[in-house]
Amino acid sequence: YVEQEGVVGGTTTIDGRQCIDYTAYNYLGLAGDADVCAAAQHAIQTYGTSCSASRCAGGERQIHQELETLLADFLRCEDSLVFSAGFLAVASA
């Protein structure tokens, strides 16, 4: 495996060279953003680090409903649904 240095985004550093990274899921470039990191730390303190089962298997938590309400408000639509993976979105259609 090739070791990457630092926060992965549109580019990454490998052996001291900056390279384009076509494999990162950091599409919006927020992985190293200070506000996002602080929110993640708060979420870990509140909810822990377990991924647990999917919402379909393990039930939902208040944070799911809060996120969907915020997204619906932001998008100015009646409601929203959030899926944990693209496959789940396609499979539910």
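Just so you know, these numbers use all the heavy atoms, side chains as well, and skip hydrogens, waters and symmetry mates.
Looking at residues two or more places apart in sequence or on another chain, you find a side-chain hydrogen bond (donor to acceptor under 3.5 Å, both in side chains) between Glu60 and Arg55, Gln65.
Here the straight-line distance linking atom OG1 of Thr13 with atom CD of Gln18 works out to 5.0 Å at 0.5 Å rounding. The structure places CG of Leu71 at 10.5 Å from CG of Leu81, a figure rounded to the nearest 0.5 Å. To the nearest 0.5 angstrom, Thr11 atom OG1 is 8.5 Å from Ile20 atom CD1.
Considering every non-hydrogen atom in both Ser80 and Glu68, the closest pair reads OG-O, 2.6 Å. Here the shortest heavy-atom pairing between Cys37 and Ala31 reads SG-O, 3.7 Å. Shown here for Thr12 and Glu5, the closest heavy-atom pair between the two residues is OG1-O, 4.1 Å. Asp33 and Asp35 make their closest contact through OD2-N, 3.0 Å (heavy atoms, listed as atom of the first residue, atom of the second, distance). Closest approach of Gly32 and Val7 over heavy atoms only: N-CG1, 3.6 Å.
Note: the hydrophobic cluster containing Leu28 also contains Val36 (ILVMFWY, side chain heavy atoms under 4.5 Å, direct or indirect links).
Pairs of residues two or more places apart, or lying in two chains, never qualify as side-chain hydrogen bond (donor to acceptor under 3.5 Å, both in side chains) while including a residue from residues 69-79.
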